[in-house]
J.: 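What follows is a single structure, and I will ask about it in a moment.
Order of the sequence lines sets the chain letters (A, B, ...), proteins ahead of strands, with each chain counted from 1. From a predicted model like this one, the values you see are computed outputs, not experimental measurements.
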Amino acid sequence: MGVAIRDILVDCREPVSWDDLSGIAAVDAHNALYQFLSIIRQPDGTPLMNGKGRVTSHLSGILFRTANFLEKGIRPVFVFDGKPPELKQETINERRKHRAMADEAWKMALQEGDLEEAYRQASASARIDAHILESSRELLDLLGIPWLEAPSEGEAQAAWMVRKGSAAYVVSQDYDSLLFGAPVLVRNLTVSGRRRVRGRMVTVNPERIVLSSLLNRLGLTREQLIEIGILAGTDFNPGVRGIGAKKALKIVQKGEFESVIAEKQPDFNPAQITDFFLNPPVTDDYTLEWSAPDIEGVVEMLCGRYDFSEERVRSALTRVSVKATQKTLDAWF
DNA sequence: CGATACGA
DNA sequence: TCGTATCGG
């Protein structure tokens, strides 16, 4: 998932406190939804659902995370993917195949009573369909949170919004926005520090990656970072066999990107991928406004149609409302 | 994931 | 009151 450059960014991630994160956050909606849909499940892998079998995991995630963001002075704007570029088609096909296989493996694991495997496969089978998108956008509207659909990749649009100063940083677990030129990326923007991963407890803290610092530290230009991505693999090309981020870094630092491509993949022209990262389709046609939540509307949606507990929903909405009011006052001064 | 219940 | 377990939909 995403560009495979994680291994060279180990020293480029700085811990960041919540206090430093107050401001406007451009959230990679696809990434957030995928995270909610894959993780918010029962131990056997079944997602949260209403009585009619509609998946609700993502709605739970959006409601409570948004409440936390606002409470901490973070104003999110959710950036959805638009039409994927042709270059991405192979990745899209592979992911579809992978999800279908995971779905089968999930059923098998359930038959064998292997809960851990069932959960793992169910997570891998998570899919963002039309219902997920429609219900997510409806909830954001009712919560008073702005969202927009990118012309193409959401991460490209989010990066552009930070470059323009419309937002302070991109929120995503993936690194693609850096190749799209996002000046600041924030990962692990979750409230709970301790998480269970494969039975063990691990501490996960918010971390910030500043593009200029990253490029300085590694002695690269943004174009060279993109070259590393292309060698290691992106959503738009499979990468070169046997070359991961670390080897790619050495190759690019020695100025051997083109010769390696010419040798290993003579029929491959990386120029259109480089160009896509440097000049992706983006739009300036958006306005960002945060308004007080439509409390009765949210209750009607989540409790009336998706079987949420009214007590839990109202409690979360109280936190959203308090901050929405305070924001209005802040803006006045 | 994030909220809540529960035991030390 | 804090850390771990387990609901939630």
J.: Does A:R54 make a cation-pi contact with A:Y306, if we ask for NZ or CZ under 6.0 Å from the ring centre and within 45° of the axis?
T.: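 Checked: cation-pi criterion not met.
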J.: Got a sec, which residues hit side chain to side chain contact (heavy atoms under 4.5 Å, CB included) with A:P183, two or more places apart in sequence or on another chain?
T.: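 With sequence neighbours excluded, A:P183 shows a side chain to side chain contact (heavy atoms under 4.5 Å, CB included) to A:V162, A:R163, given in chain and number order.
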J.: Extract all donor-acceptor atom pairs below 3.5 Å that involve side chains of residues 40-47 of chain A and protein atoms in other chains or at least two apart in sequence.
T.:
{"residue": "A:R41", "atom": "NE", "partner": "A:L37", "partner atom": "O", "Å": "2.8"}
{"residue": "A:R41", "atom": "NE", "partner": "A:S38", "partner atom": "O", "Å": "3.4"}
{"residue": "A:R41", "atom": "NH1", "partner": "A:G45", "partner atom": "O", "Å": "2.7"}
{"residue": "A:R41", "atom": "NH2", "partner": "A:L37", "partner atom": "O", "Å": "3.0"}
{"residue": "A:D44", "atom": "OD1", "partner": "A:T46", "partner atom": "N", "Å": "2.9"}
{"residue": "A:D44", "atom": "OD1", "partner": "A:T46", "partner atom": "OG1", "Å": "2.8"}
{"residue": "A:D44", "atom": "OD2", "partner": "A:T46", "partner atom": "OG1", "Å": "3.2"}

J.: State which residues pass side-chain hydrogen bond (donor to acceptor under 3.5 Å, both in side chains) with A:N93; sequence neighbours excluded, sorted by chain then number.
T.: A:Q89
J.: Does a nitrogen or oxygen in the side chain of A:N50 sit under 4.0 Å from OP1 or OP2 of C:dG8?
T.: no
J.: Scan A:R65 against the nucleic acid and name what it touches under 4.0 Å (heavy atoms): base, sugar-phosphate only, or nothing.
T.: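 Sugar-phosphate, no base atom in range.
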J.: Near DNA chain B, counting only heavy atoms under 4.0 Å, which residues of residues 122-143 of chain A show up?
T.: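 Nucleic-acid contacts, sorted: none.
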J.: Distance check: side-chain N/O of A:R312 vs OP1/OP2 of B:dA5, anything under 4.0 Å?
T.: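 No.
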J.: List the atom pairs, with distances to 0.1 Å, where a side-chain N or O of residues 268-276 of chain A and a protein N or O form a donor-acceptor pair under 3.5 Å, not counting sequence neighbours.
T.:
{"residue": "A:N269", "atom": "OD1", "partner": "A:A271", "partner atom": "N", "Å": "3.0"}
{"residue": "A:T274", "atom": "OG1", "partner": "A:P270", "partner atom": "O", "Å": "3.1"}
{"residue": "A:D275", "atom": "OD1", "partner": "A:N279", "partner atom": "ND2", "Å": "3.1"}

J.: Using side chain to side chain contact (heavy atoms under 4.5 Å, CB included) as the criterion, list what pairs up with A:S309, not counting sequence neighbours.
T.: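 Once residues adjacent in sequence are excluded, the partners of A:S309 under the side chain to side chain contact (heavy atoms under 4.5 Å, CB included) criterion are A:E311, A:R312.
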J.: Near DNA chain B, counting only heavy atoms under 4.0 Å, which residues of residues 15-27 of chain A show up?
T.: none
J.: With sequence neighbours excluded, tell me which residues meet side chain to side chain contact (heavy atoms under 4.5 Å, CB included) with A:P146.
T.: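 Side chain to side chain contact (heavy atoms under 4.5 Å, CB included) check on A:P146 returns A:V77, A:L288, A:W290.
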J.: When you measure only distances, ignoring hydrogens and angles, does the side chain of A:Q42 come within 3.5 Å of the base of C:dG8 through a donor and an acceptor?
T.: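 There is none.
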J.: Under the side chain to side chain contact (heavy atoms under 4.5 Å, CB included) rule, collect the residues that match up with A:A105, sequence neighbours excluded.
T.: A:Q121
